[in-house]
Structure formats: structure tokens, C-alpha cells
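Structure first, commentary second.
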There are 2 protein chains.
Amino acid sequence: MPAGDDATASRPRAATLRDVALLAGVSVATASKALNGRDNVHPDTRRRVVEAAERISFTPNSLAQAILAGSTGTVGLLTNDLEGRFSLPILMGAEDAFGAGQMSVFLCDARDDAIREQYHLKALLGRRVDGLIVVGSNTDPRPTLGTLPVPVVYAYAPSTDPQDCSIVPDNVHAGTLAVEHLLATGRRRIAHVSGDVRYAAARDRAAGAKAALAAAGLELVGGQVRYGSWSEEWGRAATHTVLDHEPGVDAILCGSDQIARGALDVLRERGIDVPGAVSVMGFDNWEVMISGTRPPLTSVDMNFETLGRRAAQHLVDAIGGSPAHGVETMPCRVVVRGSTARGA
Amino acid sequence: MPAGDDATASRPRAATLRDVALLAGVSVATASKALNGRDNVHPDTRRRVVEAAERISFTPNSLAQAILAGSTGTVGLLTNDLEGRFSLPILMGAEDAFGAGQMSVFLCDARDDAIREQYHLKALLGRRVDGLIVVGSNTDPRPTLGTLPVPVVYAYAPSTDPQDCSIVPDNVHAGTLAVEHLLATGRRRIAHVSGDVRYAAARDRAAGAKAALAAAGLELVGGQVRYGSWSEEWGRAATHTVLDHEPGVDAILCGSDQIARGALDVLRERGIDVPGAVSVMGFDNWEVMISGTRPPLTSVDMNFETLGRRAAQHLVDAIGGSPAHGVETMPCRVVVRGSTARGA
DNA sequence: AAACCCTCCGAAACCGTTTTCTGGACGCTA
DNA sequence: TAGCGTCCAGAAAACGGTTTCGGAGGGTTT
């Protein structure tokens, strides 16, 4: 158990440019120029300054630099999803896009609470972030933040205002890709078990799936999407129903990896071969859900990292004076695994 | 698809105190005093200033404030775990402890790369964070960052330097609690299937479990811990082995929720009643892994949020001049669910 | 020796805010 | 009416950097 004691043990105060200058025997102006590679500094002088800076491990105060330059090199990531399912890949993508260390990210979680969001927004603007990425908790449109003194990019959930810049995963295309993959592996009698119908993601994926089926002159087995909740439990229940009512079914397209896990469990219990008799697919390609499924689950990856990179790129452009408008959709991709293996 | 166009459409520059003062017809000094509730400002004047500030939605520039005050109201969270399993609850706990909006958090992911860590560290120190929380990717000790101009608290993974302040989950106690719970529900022949033996977490939990058994005059069925990997796959394999070699086993304590899922699957396949014949427990209480297990999995919650709050609290104390030293362990708790229900 | 150029350093202004200090206006008392 | 206290507003300094500008010093040319 730690015990507080040496309150007086003075921690070395962060070094300032003045300290460096004093130590090197030059003025602060010269020290600044020497460290920043400006011209008109004698090589010997520069060396002295650099050595002094290293000796006291001087780190320039970004605050002071920012106050002059008018930009801070920081962005705010205002999220509503701290399960981290979407925010974190987006954060990683953004970090990559900015270039490590160039830009630091303030992460704030509003927890889907408008009051808390305003609060964090105020704090971020006060800290003069150069821009904002707003991550929603689902793909339904969310209210715009309105006009702010810094550019904003909405990721995952689009803004209601079409003038804003939003980057969202293409759920319609995801549904299409999934069905095309199933068709390509010889499936014809496809059921679709999805999550909560109130989520745009569920409806969009279903729309894409139906469109792809229609293009092949087919429709869903049972004629309709089986909406429910985003849980394994629902995946199990719905799969039982599907198997009971549609004996000829040869593929179950699940609205999420969790639902797919439920489906796989029931198929295994009933002794139905996957993918021999029935193929199973999920959406999200959530590593932690998928690793361990039997057989390994084919899933549609929504490319969150790419989405984050793209959002960051748009933000950089906007900060640079070239804002974008409207909703941009990010393509996704099918990750094929054993649960739909061709001819298995 | 967004298209860049109105690069010239000037975004409203953030208002400064000077703007407010000009609009209210006072000096910046008076404006500052009026907005900060200082004395010696005439009520009418104050009202004029406040109205002016609201009219142009003035937000004080925290950078300028920080440069005066010498503290920024920001902390850095340097993590190596952006699966977010540990970092995010810790971040949430820290946010809570700081008090919403008081303190903003820079989140950086070093991805277990020392170079990247140094890079982020430099950026954070340059931004004059008031303190740092360093989150490891596992509970093995990690190298200290050494002496920095700001206080540091190590969370999840302790620092190698006992002078540093570290907050870690009490894995030994977790193992003890788990076994005590199993004993309390009448189990006597307990097997322990755990993850990678190279992880301190695995060894500590096992040590706690063995101690609790010894205290009851028992030992592990089979005499030893079955170490492997942190996967469902290993959970399944090891459970088969246990059932084959130890027919009398009445509980399987699993080193993680994932391993426990594997165990549950195998028990179900073999038609063994859980918890009637065999109890199953996991560690971590990872909601997303647990929701959907049949029966619902009893698990030891490591209280990451509390850990994060505690780390934040220690950081605040250290910033306030009362640093703590040494490793502090956080208690954990058993969350009882169906997989160990008494007398079921 | 005067005029000139070049190299290099430092003084000072600036960013946006807070705080201290100075001082003007006004009212009250002696 | 002089003296004093109170109330309120503004000027100025400070924080830690960057940048501009002026100028000192030395060498070269006429």
C-alpha cells in the first residue's frame, strides 16, 4: 500500500528556453533559432545550445508555441461508444493518418448524454483543438453540433445536417457483399436473422441483402428478415425457428457476429453440418467474438480503421482549408472462413 | 461523396477576451475580472461583459490560462492495450474521478513498442500534461519511465521501480475468492485450466486458488494447473482432458472467460449438467464474452473501473504534492451467475 | 581611411489571459 | 473646502515561446 510522504521532494520543474539560453550563455532568441534550425546561427553556438538543451532535457512548451501559431496540433475525439467497439479502431486509424506524434488526441466519452456532450465540447473548444471527430454509438443519424470555430467530421453515425462531413460504413453494400458471397458458394435458400429493427444498420444490411438476392432472381427464405436483438440468445432462438419452418434453408446470414455465434451453436446441437448443409455468416468481423467459433466464422469486416483514417484525412483537409460536405460511405469486405468454405 | 469547395468560406475565428472587452466597451482586465467573478467590478459593467461574451460565444483560451497557471488540466493516458479491454474502463474510471470536464485526457497507444512510447511521451510532456497514467498490456512488471517532470501512476502493469506508484488488480486474491466461492457451493474436486504460464496473471490466480484449497485441506484435482493459452480452443481441449482423466471433477476454474466458454461448450456437448454435475467459473467478467453463455457464467470481476478511479485519485494526490509509492492491489469480486448456482 | 557587406547575436513585440498596481471619481466627515 | 476612504476601471507585467528588426563587429574594397 503506497504511503504519501515526500511532498517536499521537489520534482524537477520542466525546463524552459530561458534555462537553456542561460546555460548556453546566449539569449533566448538565439536559443530558439538554434534549436529550430533557423539560419544565421554560428555552428559552434548552435552546438552549445543543443548540448545545453539535452543536458536539462528541454522540451519546448507546446502551449506557448500554440498560442503564437494559432493551432495546437490536437484534435478531439468525442465518442458515445466506450465499449470501444467503434471508437478504438477509429482512434487507431486516426493516429496513423495524422502521423505518430504529430497530432495528439483528446478522447472524451459523452455516454450518449447530450448534456455531457456539451460539457466536453466546451472543454475541447477551450483547449483550442484544431478539429473534432464525433463518433456515434450506432449508424443512425445524430444531431449536428452546428457551426463551430473548428472543423468537425462525423464518423460511424452521420450528422443530420447534409452540409456536415460524415463518414459511415456502407451497410447496404455489406449486405450485398454477404449475399453475393453466399450465392457464389452455391447457396440459394438464404435466411436473414438480424438485430434490432430500430437500428439503421440492421435495415441497411437487410436492404443490401435483398437487393443482391433480387438481382439473382431470388428472395429470402421465408420471405422476410427476422429482426430481434443483437444477442446470441436471439441468434439461437431465431435459428431454431428458421430450421423448423424452412427445412430447405442452406445459409443463415446473421446481422452480427454475436447472432451468428448463436446460430452456430444451435446448428451444432442439431447435428447440422456447417458449412456442408448450411452456411453461416456474420457482420462486424469482431475478432474476439469470432476467434473460437466452430467452424471459424465468415464475416463482413466494416473496416473501422480505414474509416478512422479517412475521417482523420478529411479533418486534416478541413483544417487545411478544404472542407468536405455530405455523407461518404466506406467500402467493407468479406473475410472468408470455414463457416462458408466452398464445397466443404 | 463529399467534395471540397468553399475553402474560402471563413469559419468564425474563436473569440478572444479582447473581442469581448471591445464589444462591452471595457478593458481586457475588467472583462477578465467580470467573467471570473472577481471583486471590484460594478454589477452593470459585469452584466455588459457577460452579455457580450455570450453574444460572441466566448470560450476562454485554456492554453493562455495554462501558461500562466503552470498547470494545464490535462493528463496523458499512455496505453499499450488498444483492444481496450483494460484501458477503457480505466479511462472511464479516471474521467469519473477527475470530475467531468475538469480534466481532459490525452489517449495515446504505444502498441507495446518502446520507441513509440518515447515518442508519445515526448509529445505529452511537450503539451505539459499535469500527470501520466501508464497502462500495461498485462500484469507483468514493465520498465519504469524514470524521473519525469510530472507524476506518473502505473495501472494494471506495475513499474519495475518500487519507488513508482503502481495500481494493479489483485490476481492472487482473485484466485482465492474464486476457490472460496466454489468451496462455499459445495465443490471439492476442483480443476484449474488457465492461460499462458508466462503471464503473471495466470500464475498469480493459480497461486491464490491453491492457497485457498490448501487452507481447506484440499488440492487441485490432478495436482496441477493446466496452463495453455487464453483461448476458447484451449478451454475446450483442456476440458476434454480433465474430464477424461478426472472423472470425479465437480468444478472447473478457468483462467479467463474465454477459456470458460470453451469449457462450457465441451460440457454441454458431453451432456454434463452445469452446474448440477460440474460448476464452471471464469475470470475478468467480460460482459461481451459472458452474455450469451449457457448457463450464464460466474466470473471474477477485476474492477477495472475502480482501479482507474483509484489511479486517477493517486495521480491527483501526486499532482497536489502527496505522491504515493509502491504497488497497491485492488480487490476484486465474484459475480455469481448460473454456472455455479448453489444446489441447482 | 572611408564606405560597404556579411555574419551573427540580442532586444523587443507578439499571442491571450490573469493579476497587481495605480489612479480617477465620488461621497463623507471635520 | 481639505482630507480621507471607497469603489471601480485600466495600464502593465507576467507566462514561454517565435519572429522581426536593428546593430555590433570584422573583413574587404576603393
Side-chain angles (χ1 to χ4, degrees), chain A residues 12-50 52-53 56-74 122-123 125-130 149-150, chain B residues 12-50 52-53 56-74 122-123 125-130 149-150:
Chain A
R13 179 184 59 85
T16 79
L17 189 57
R18 185 200 307 283
D19 301 331
V20 177
L22 231 54
L23 188 57
V26 298
S27 71
V28 283
T30 302
S32 170
K33 282 179 285 196
L35 291 175
N36 292 302
R38 292 277 166 287
D39 290 346
N40 292 340
V41 177
H42 194 277
D44 290 350
T45 310
R46 190 185 303 276
R47 196 175 33 69
R48 282 213 322 280
V49 172
V50 170
I56 60 180
S57 61
F58 166 75
T59 310
N61 186 328
S62 303
L63 277 58
Q65 294 178 318
I67 212 173
L68 258 302
S71 78
T72 53
T74 58
K122 186 113 185 165
L125 291 180
R127 297 197 156 85
R128 292 299 187 270
V129 292
D130 293 335
V150 295
Chain B
R13 178 184 59 87
T16 80
L17 190 57
R18 187 202 305 283
D19 301 331
V20 176
L22 230 55
L23 188 57
V26 299
S27 71
V28 283
T30 303
S32 171
K33 282 179 284 195
L35 292 175
N36 291 304
R38 291 278 165 287
D39 288 348
N40 292 342
V41 177
H42 194 280
D44 290 351
T45 310
R46 190 186 302 275
R47 197 177 30 71
R48 283 213 320 280
V49 172
V50 170
I56 60 180
S57 60
F58 166 75
T59 311
N61 187 329
S62 304
L63 277 58
Q65 294 178 318
I67 214 173
L68 259 301
S71 78
T72 54
T74 58
K122 185 113 185 163
L125 292 180
R127 297 198 157 82
R128 292 300 187 268
V129 292
D130 293 334
V150 296

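Reminder, nothing fancy here: chain letters follow the sequence lines and each chain counts from 1. Because the structure is a prediction, the values reported are computed rather than measured.
Rounded to the nearest 0.5 angstrom, A:K122 NZ and B:S62 OG are separated by 10.5 Å. Taking CG of B:D44 as the reference point, atom CZ of B:R47 lies at 5.0 Å (rounded to 0.5 Å).
Spacing between atom CG of A:L68 and atom C1' of C:dA13 amounts to 10 Å, rounded to whole angstrom units. The CD1-C1' distance, from A:I67 to D:dG17, rounds to 10 Å in whole Å. Look at CG on A:N61: it is 18 Å from P on C:dC15, rounded to the nearest Å. Nucleotide D:dC15 holds its C1' atom 10 Å from the CG atom of A:L63, rounded to whole Å. Rounded to a whole Å, the CZ atom of B:R127 is 19 Å from the P atom of D:dG16. B:L125 has its CG atom 13 Å from the P atom of D:dG17, to the nearest Å. The distance between atom CG of B:D39 and atom P of C:dT18, rounded to the nearest whole Å, is 16 Å. Atom CZ of A:R38 and atom C1' of C:dG10 are 17 Å apart (whole Å).
Between A:T30 and A:T45 the shortest heavy-atom distance is CG2-CG2, 3.9 Å. Summarising the geometry of A:R46 relative to A:R38, their closest heavy-atom pair is NH2-O, 2.8 Å, with the distance given to 0.1 Å. The two residues A:G73 and A:D130 come nearest to each other via the heavy atoms N-OD2, 2.7 Å. Summarising the geometry of B:L35 relative to B:A53, their closest heavy-atom pair is CD2-CB, 4.0 Å, with the distance given to 0.1 Å. For the residue pair B:L63 and A:R128, the shortest heavy atom distance occurs at CD1-CB, 4.2 Å.
For the pair B:R18 and C:dT17, the criterion of a side-chain N or O lying under 4.0 Å from OP1 or OP2 is not met. Regarding contacts with the backbone of D:dG17, every side-chain N or O of A:Q65 stays at 4.0 angstrom or more from both OP1 and OP2. Between D:dT18 and A:N36, a contact under 4.0 Å exists linking OP1 or OP2 to a side-chain N or O.
When side chains are defined from C-beta on, B:T74 counts as touching A:R127, because their heavy atoms get closer than 4.5 Å.
DNA chain D is contacted by both B:R128 and B:V28; B:V28 maps to the nucleotide lying nearer its 5′ end (nearest heavy atom per residue).
In this structure, A:S32 reaches the bases: a heavy-atom distance under 4.0 Å links it to at least one base atom across the strands shown. Counting any heavy atom pair closer than 4.0 Å across all strands shown, B:A24 reaches no nucleic acid atom.
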B/S/- contact track for nucleotides 4-11 of chain D, protein heavy atom under 4.0 Å: ----BBBB
Atom pairs and distances, donor-acceptor, side-chain atoms in residues 17-26 of chain A, under 3.5 Å, two or more places apart:
| unit_1 | atom_1 | unit_2 | atom_2 | d |
| --- | --- | --- | --- | --- |
| A:D19 | OD2 | A:R13 | NH2 | 3.3 |
| A:D19 | OD2 | A:T16 | N | 2.9 |

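Nearest nucleotide to the side chain of B:L17, out of C:dC15, D:dC15, C:dT18: C:dT18.
Between its two ends, the helix from C:dA1-D:dT30 to C:dA30-D:dT1 turns its axis by 80°, counting five pairs per end and rounding to 10 degrees.
With hydrogens and angles ignored, the 3.5 Å screen pairs no side-chain donor or acceptor of B:T59 with any backbone N or O of A:G126.
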